[in-house]
Colleague: 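Take a look at the following structure, please.
The sequence lines fix the lettering, A, B, ..., with proteins before strands; numbering per chain opens at 1.
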2 protein chains.
Amino acid sequence: MTNEDEVRWLDADQQDIWRSYLEGTARFVEALESIHAAELPLSLGEYGLLVKLSEQPDRTLRMSALADGLVVSRSRLSHTVARMEERGLVYRCAASGDRRGVNCRLTDAGYAALVDAAPGHVRAVRRLMVDVLEPEEFEVLGRVMAKVAAAGRAATEATGTPKGRTDC
Amino acid sequence: MTNEDEVRWLDADQQDIWRSYLEGTARFVEALESIHAAELPLSLGEYGLLVKLSEQPDRTLRMSALADGLVVSRSRLSHTVARMEERGLVYRCAASGDRRGVNCRLTDAGYAALVDAAPGHVRAVRRLMVDVLEPEEFEVLGRVMAKVAAAGRAATEATGTPKGRTDC
DNA sequence: GTCGTGTAGTTGATGGCTCAACTACCTTCC
DNA sequence: GGAAGGTAGTTGAGCCATCAACTACACGAC
């Protein structure tokens, strides 16, 4: 399984690309998170959570769906939502139908924070990514990362315990 | 500054691309980290650190250079290296020339761990990214992320306190 | 020389994340 | 109907990252 003879190493060009990817993602999130921390009322993670909620019909989503959508563990989401609930950004209530379920709902204050943060967020995303690329480059990036997302999803479902799953 | 009239929002296509990017990076690191945790003797972060060291002439690098190369704060690197030092993977010693400086050096055990982890790491990177893309797609990804890296670097240097800097 | 400022790195307190364990509920099957 | 196993979500302990403060050294100006 760890037999070295079978390994197809990356050639020099592939290594360069790989390192560009690693550095690019690292610098990008570093810059975006620091803009959120310095100028906006929500961290990048909180912003993403509120965006997801705001897109739902009743600004409401099941905890599990939210965790899957944000690609975080259920445990982490529980803790995060608990903190955001204390700040009045969201609140939890029982889900109808399945008595195990819990809904997470965006409050008016949460929506207001989202509206407040959105312009700065979009400006930052443009400055750090969208506007530094040619339109075609940006499009390819989207196609490419959709493929990568699918591969990751497949790998996570197939083998290891995804995130915070007790089953298997 | 947060005047909404001036904001150039993303159109529907751009939003799709942006979300593909977010989900792709999230699922990718999730899968890669879980492979490291389950099958390899080093976490993804530790692996990256040892790779950087192994590329240096004497398998040695200044702490500050290491922090910059890995895009992490000096504080975080200090803690991480302290833990890895306890495991015998690296060790620190005074740098020559500048008496403030500290060198981080790869031990034989650290190199052995790297050699041990490398095949599984490369296999995972291929399965999760390189091999799911057309060669041209992968090349574009490299070009694109190099641009993004540059933009992030510029933003971080220009404005906010980068990571763990006390100056400014 | 020493004052001021900048750089290198560490440290400890705080807060968030992870992991495993747990409750509670649903579903299936006999 | 009840036993077994799956799903939904939470909790607390321990680990890791972050932040601000700190030591120590370097360098330039006067």
Side-chain angles (χ1 to χ4, degrees), chain A residues 26 29-30 33-34 36-38 42-46 48-49 60-87 90-105 156-157 160-168, chain B residues 26 29-30 33-34 36-38 42-46 48-49 60-87 90-105 156-157 160-168:
Chain A
V29 301
E30 180 192 19
E33 279 179 345
S34 102
H36 270 263
L42 299 167
S43 75
L44 181 57
E46 292 163 349
L49 195 155
T60 302
L61 206 53
R62 282 285 288 270
M63 289 293 281
S64 51
L66 198 46
D68 289 354
L70 297 171
V71 195
V72 301
S73 70
R74 286 154 196 246
S75 168
R76 176 168 167 180
L77 183 65
S78 265
H79 288 296
T80 304
V81 166
R83 286 188 299 266
M84 294 177 75
E85 200 170 21
E86 292 212 350
R87 289 167 54 196
V90 299
Y91 72 90
R92 281 177 285 192
C93 53
S96 59
D98 189 334
R99 275 191 302 169
R100 295 167 302 180
V102 172
N103 278 335
C104 185
R105 192 175 207 287
T156 302
E157 277 165 15
T161 299
K163 279 212 162 184
R165 295 274 178 80
T166 315
D167 57 301
C168 244
Chain B
V29 301
E30 179 192 19
E33 279 180 346
S34 102
H36 270 263
L42 299 167
S43 76
L44 181 58
E46 292 163 349
L49 193 155
T60 302
L61 205 53
R62 282 286 288 272
M63 290 292 281
S64 52
L66 198 47
D68 288 353
L70 297 171
V71 195
V72 301
S73 71
R74 287 153 195 244
S75 168
R76 176 167 167 181
L77 183 65
S78 265
H79 289 296
T80 304
V81 166
R83 287 188 298 265
M84 295 177 75
E85 200 170 22
E86 291 212 352
R87 288 166 55 195
V90 299
Y91 72 91
R92 281 176 286 191
C93 52
S96 60
D98 190 333
R99 275 190 299 170
R100 294 167 303 179
V102 172
N103 278 335
C104 185
R105 193 176 206 287
T156 302
E157 276 165 17
T161 299
K163 279 213 162 185
R165 296 273 178 80
T166 315
D167 57 302
C168 246

Colleague: Quick one: does B/R105's side chain get under 4.5 Å of B/V90's, heavy atoms only?
Modeller: no
Colleague: Looking at C/dT10, I'd like to know if its phosphate oxygens (OP1 or OP2) sit under 4.0 Å from a side-chain N or O belonging to B/R74.
Modeller: no
Colleague: Does B/L42 reach the side chain of B/L49, with side-chain heavy atoms less than 4.5 Å apart?
Modeller: no
Colleague: Could you check whether the side chain of A/S75 and the base of D/dT11 have a donor-acceptor pair of N or O atoms closer than 3.5 Å, going by distance alone?
Modeller: yes
Colleague: Quickly work out the A/R76 CZ to D/dC16 P distance and round it to whole Å.
Modeller: 16 Å
Colleague: Roughly how far, to the nearest 0.5 Å, is the CE atom of B/M84 from the OG atom of B/S43?
Modeller: 7.0 Å
Colleague: Answer yes or no: is there a side-chain heavy-atom contact under 4.5 Å between A/D98 and A/R62?
Modeller: yes
Colleague: Contact between B/C104 and B/L61 at the side-chain level, heavy atoms closer than 4.5 Å - yes or no?
Modeller: no
Colleague: C/dG15 P sits how many Å from A/E46 CD, rounded?
Modeller: 15 Å
Colleague: Would you check if A/M63 and A/V81 make a side-chain contact, meaning some heavy-atom pair closer than 4.5 Å?
Modeller: yes
Colleague: When the distance from CZ of A/R87 to P of C/dG15 is rounded to whole Å, what number comes out?
Modeller: 14 Å
Colleague: Within the modelled atom types, does a donor on one side and an acceptor on the other bring the side chain of A/R100 and the base of D/dT7 under 3.5 Å apart?
Modeller: yes
Colleague: May I have the distance from A/D98 (atom CG) to D/dG6 (atom P), rounded to whole angstrom?
Modeller: 17 Å
Colleague: In whole angstrom, give the distance that lies between atom CG of A/N103 and atom P of D/dA8.
Modeller: 13 Å
Colleague: What is the distance from CD of A/E86 to P of C/dG16, rounded to the nearest Å?
Modeller: 10 Å
Colleague: What is the distance, to the nearest angstrom, from the CD atom on B/E85 to the P atom on C/dT11?
Modeller: 10 Å
Colleague: Does A/E46 come within less than 4.0 Å of A/R87, counting only side-chain N to carboxylate O?
Modeller: yes
Colleague: Can you pull out how bent the helix from C/dG1-D/dC30 to C/dC30-D/dG1 is, comparing the axes over its first five and last five pairs, to 10°?
Modeller: 10°
Colleague: Which sits closer to the 5' end of DNA chain D, A/S78 or A/A37, going by the nucleotide each is nearest to?
Modeller: A/S78
Colleague: Is there a donor and acceptor pair, one atom on the side chain of B/H79 and one on the base of C/dG12, closer than 3.5 Å?
Modeller: yes
Colleague: Return the value, rounded to whole Å, for the distance between atom CE of A/M84 and atom P of C/dC17.
Modeller: 11 Å
Colleague: Quick check on DNA chain D: between A/V102 and B/R83, whose nearest nucleotide comes earlier from the 5' end?
Modeller: A/V102
Colleague: Among residues 60-67 of chain A, which contact DNA chain D at a heavy-atom distance under 4.0 Å?
Modeller: A/R62, A/M63, A/S64
Colleague: Are OP1 or OP2 of D/dA24 and a side-chain N or O of B/R99 less than 4.0 angstrom apart?
Modeller: no
Colleague: Are side-chain heavy atoms of B/N103 and B/R92 found at a separation under 4.5 Å?
Modeller: no
Colleague: For the CG atom of A/L77 and the CG atom of A/L66, what is their distance to the nearest 0.5 Å?
Modeller: 5.0 Å
Colleague: Which heavy atom of A/R74 sits nearest to which heavy atom of A/A67, and what is that distance?
Modeller: CG-CB, 4.2 Å
